[in-house]
Trainee: 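Encoded as structure tokens, here's the structure I'll be asking about.
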Amino acid sequence: MSERDDKGWDFYLRTLSNSSRDSTTANDPASDPSLLHSVKKLYEICKSKNSEDLVARVYPHVNKIFQRAVASLSQSRTSNGLLLLAILQFFLDYGEVVLHDADPSLRTFFRSCLSREFSDPVVAEATVKFIASNKKKLLSSFPNLLPQFFPLLLKLIAWNGERLEKQFLKAFPGLMSPGSFIPLFPYLIDLPILVVALERVEKSSGPLIGSSIASIHQNTAPKMLLALMDEAYTGSTIEDGGGDSEFEDNSAIDVSDPLFLELLKDENDGIAERLWSSPVMATLLQTAANSPYSDRLKAVLSIAPHLLDVYFSIALRDVNDSLICALIPLLMSRFATLFPDKVFSYEVRKRLLEFILSTFQRSPSFIALLKKPIMDRLGEAYDSPEKTELALQLCWAIGEHGGGGESHKDEARELFESLELLLYENLSSSRLGMTQEVSLSPYKDNYRRSSQSRLLCFVVTAISKLATHHRELVPRARVSLGKVARSRITDMRVWRRACDFLGLMNDPAICASILGPSRSSNGTSQKVGSINWNEGATKMVAHIPFYILGEQEGPPFHDFSFSDILPGRS
């Protein structure tokens, strides 16, 4: 070590030693700004010199400062986050040298410091950078740490917005593990509600910096949880807090806010349910949606879909099938239950549908395994436009993948029966708006008819495709399609589609080529009887299906040559 480095070393080490003896800083180490500077400089010297002896000399001082800073958090008026993060970096890099297990220190930081200082933009940014830069080490040495505290870490992005988005996206994969995969999803789509909850806490209880939300709710949580249980089991609603209520005496937030207790917790305990069935929640969300959006809420409405992109990408690449299969019913149940913002809802629902259909494409057997929640969703097809959209996409998936494949005939039959029921319900005049009553809202009535007709087209197609996959269902499919063809249905698209599919079923080979599975039973992408037009230039002319030319005898009457439809060889 050079003389200059030696002098700097002695100065910074002496600063740490003096801080532990100084009574003015012993109970609040972070109040001395030179302390943070000294810790960082000593860390840099240890890293540049790569000397275990220097590390061993620094460790007792930084460990003592860490313990004192943590002990003073409840009384400290100074932010301790940056100082503790600097010491944690030392523990991570040199823990093996000094035999220090950094796991308890990291958990202490999250529970005692970050839970109080997550709303401090400087601490939040430093924490996200710390996690992003140490992600590999944290995941390899402490794989359960970040997944355990993902609710707390999501508060960083919820409260601090777009300025942390780039770094947070780098750190986000570390929040996913087998134990956090399913509970994490509701938190991502409920990020806007988390912002609303945090803003209401700040409005009711003052600035969030320096106070733990858990302590704010400590006295009110048991009473509210009992009230929620009473509401769930007896149907009684939670009464409004009066002037002498416990909530008002404790200067806490009002009675509706304990509905956010699940979102405001700091640690993951595996519970993924939300209290969306509560009328208080519905009223509160509608009020938030109709009020002017804060900058934080606007930012999160944009960030949440990006986090979902990463979440679903990792899920398709790394997560095992059993977890994904368990996630899909949750996705379907939350499809119509989102923060009521049109753009946000559209972006989230688009991603949910893409993921559901991608998983069914990769693992068609999921359709058979999840037949009960799928049938439940089909039964809710007319509860709302969102549920209608989900139902018709599920109809498409059922037909496209044969209800789970050839080995799942019983499940396919049950799904077929659900499609039949949905079809027969819609054949009644009331379903298609054929009553003589004058609608008070012609626009809504026309939209309802169009939506129902679109769903019927998907149902008719799914019935036909499912029967093509499972030939034993063909007689029942003929009956169903025949009822549509003979009905007084007003939508010609549905009637024409049913008639077309009935005609196709008279020619099984053509029907299998058009409506058959996208994959053959042996797993190849090309199925028997289908034609790959990209290979047309290598095929004999006799392989061209002349039935598409109107079954004309003799030379076909057309004004194009075969070179127009078959690409030339390169």
Side-chain angles (χ1 to χ4, degrees), residues 131-132 135-136 138-140 143-144 146-147 150 153-154 157 165-166 168-191 268 270 272 302-338 344-374 377 386 389-405 407-408 411 517-519 523-525:
I131 294 173
K135 184 174 65 174
K136 290 184 179 180
L138 291 172
L139 293 179
S140 61
N144 297 321
L146 298 181
F150 79 76
L153 296 175
L154 287 178
I157 192 68
E165 181 179 6
K166 187 175 181 180
F168 193 84
L169 286 173
K170 295 179 181 179
F172 178 72
L175 277 60
M176 297 181 62
S177 74
S180 68
F181 175 67
I182 293 180
L184 179 58
F185 166 73
Y187 275 84
L188 295 179
I189 61 174
D190 287 344
L191 271 180
N268 167 35
S302 173
I303 293 171
H306 299 162
L307 292 176
L308 281 175
D309 287 336
V310 179
Y311 177 83
F312 288 139
S313 175
I314 294 174
L316 290 172
R317 186 183 68 240
D318 299 330
V319 178
N320 63 58
D321 284 351
S322 59
L323 282 176
I324 292 180
C325 192
L327 175 68
I328 292 177
L330 180 59
L331 268 60
M332 293 191 295
S333 66
R334 291 301 309 272
F335 190 81
T337 313
L338 299 170
F344 171 78
S345 299
Y346 168 79
E347 293 293 337
V348 171
R349 290 190 180 110
K350 180 177 70 173
R351 287 160 172 80
L352 298 187
L353 281 178
E354 289 175 353
F355 178 76
I356 292 174
L357 297 179
S358 296
T359 56
F360 287 161
Q361 176 70 27
R362 189 180 70 174
S363 303
S365 60
F366 281 4
I367 297 177
L369 294 173
L370 299 172
K371 62 180 177 63
K372 180 59 170 64
I374 290 176
R377 300 288 85 78
E386 296 80 18
E389 181 66 24
L390 176 61
L392 64 86
Q393 295 294 341
L394 291 176
C395 288
W396 180 89
I398 292 171
E400 178 68 16
H401 303 297
S407 61
H408 297 280
E411 292 83 356
S518 57
R519 292 178 179 270
T524 59
S525 59

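In what follows, every heavy atom counts, from backbone to side chain, and hydrogens, waters and symmetry copies are set aside.
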Trainee: Can you tell if the side chain of H306 reaches within under 4.5 Å of the side chain of E165, non-hydrogen atoms only?
Mentor: yes

Trainee: Just by distance, do the side chain of T359 and the backbone of F355 share a donor-acceptor pair under 3.5 Å?
Mentor: yes

Trainee: To check you understand the geometry: which heavy-atom pair defines the closest contact between F344 and I189, and what is its length?
Mentor: CZ-O, 3.5 Å

Trainee: Looking at F181, is its backbone amide N or carbonyl O close enough to the side chain of Y311 to form a donor-acceptor pair, meaning the two atoms are under 3.5 Å apart?
Mentor: yes

Trainee: So which atom in P147 and which in G174 form the shortest heavy-atom distance, rounded to 0.1 Å?
Mentor: CD-O, 3.5 Å

Trainee: If every non-hydrogen atom of A326 is compared with every non-hydrogen atom of P329, which pair is closest and at what distance?
Mentor: O-CD, 3.4 Å

Trainee: With rounding to the nearest 0.5 angstrom, report the CD1 to CD distance, I356 to Q393.
Mentor: 9.5 Å

Trainee: Rounded to the nearest 0.5 Å, what separation is found between the CG atom of L153 and the CD1 atom of I131?
Mentor: 4.5 Å

Trainee: If I compare all heavy atoms of G179 with all of N268, which pair ends up nearest, and what's the gap?
Mentor: O-ND2, 3.6 Å

Trainee: Start with the C-alpha gap between F172 and L184, add the side-chain angles, then the distance that decides, and say whether side chain to side chain contact (heavy atoms under 4.5 Å, CB included) holds.
Mentor: CA-CA 11 Å; F172 178 72; L184 179 58; 3.9 Å; yes

Trainee: Does any part of the side chain of L307, heavy atoms only, come nearer than 4.5 Å to the side chain of V310, both counted from C-beta?
Mentor: no

Trainee: Closest approach of G403 and A368, non-hydrogen atoms and distance?
Mentor: O-CB, 3.7 Å

Trainee: So how far is it from L394 CG to R377 CZ, rounded to the nearest 0.5 Å?
Mentor: 8.5 Å

Trainee: Using 0.5 Å steps for rounding, measure from the CD atom of E411 to the CG atom of L369.
Mentor: 7.5 Å

Trainee: Is it the case that the side chain of R334 and the backbone of P186 share a donor-acceptor pair, with hydrogens and angles ignored and the cut-off at 3.5 Å?
Mentor: no

Trainee: Kindly compute the distance separating CD1 (I182) from CD1 (I324), expressed to the nearest 0.5 Å.
Mentor: 10.0 Å

Trainee: List the residues meeting side chain to side chain contact (heavy atoms under 4.5 Å, CB included) with P364, not counting sequence neighbours, and say none if there are none.
Mentor: H401

Trainee: Are E347 and R351 within salt-bridge range, i.e. N to O under 4.0 Å?
Mentor: yes

Trainee: Do any N or O atoms from the side chain of R362 and from the backbone of L316 form a donor-acceptor pair under 3.5 angstrom?
Mentor: yes

Trainee: Would you say K135's side chain and K170's backbone share a donor-acceptor pair under 3.5 angstrom?
Mentor: yes

Trainee: Shortest non-hydrogen contact from I374 to I398?
Mentor: CG2-CD1, 3.8 Å

Trainee: Between atom CG of L188 and atom CG of L154, what is the distance when rounded to the nearest 0.5 Å?
Mentor: 6.0 Å

Trainee: Would you please test W396 and L392 for side chain to side chain contact (heavy atoms under 4.5 Å, CB included) and show each step?
Mentor: CA-CA 6 Å; W396 180 89; L392 64 86; over 6 Å; no

Trainee: Can you classify the ring geometry of Y187 versus F150 as parallel (below 30°), tilted (30 to 60°) or perpendicular (above 60°)?
Mentor: perpendicular

Trainee: With side chains defined as the heavy atoms from C-beta onward, is the minimum distance between F335 and L353 less than 4.5 Å?
Mentor: yes

Trainee: For a side chain to side chain contact (heavy atoms under 4.5 Å, CB included) check, start with the C-alpha distance between E389 and R349, then their side-chain angles and the critical distance, and finish with the verdict.
Mentor: CA-CA 10 Å; E389 181 66 24; R349 290 190 180 110; over 6 Å; no

Trainee: Test your reading of the model: is there a side-chain donor-acceptor pair from S180 to the backbone of L175, 3.5 Å cut-off?
Mentor: yes

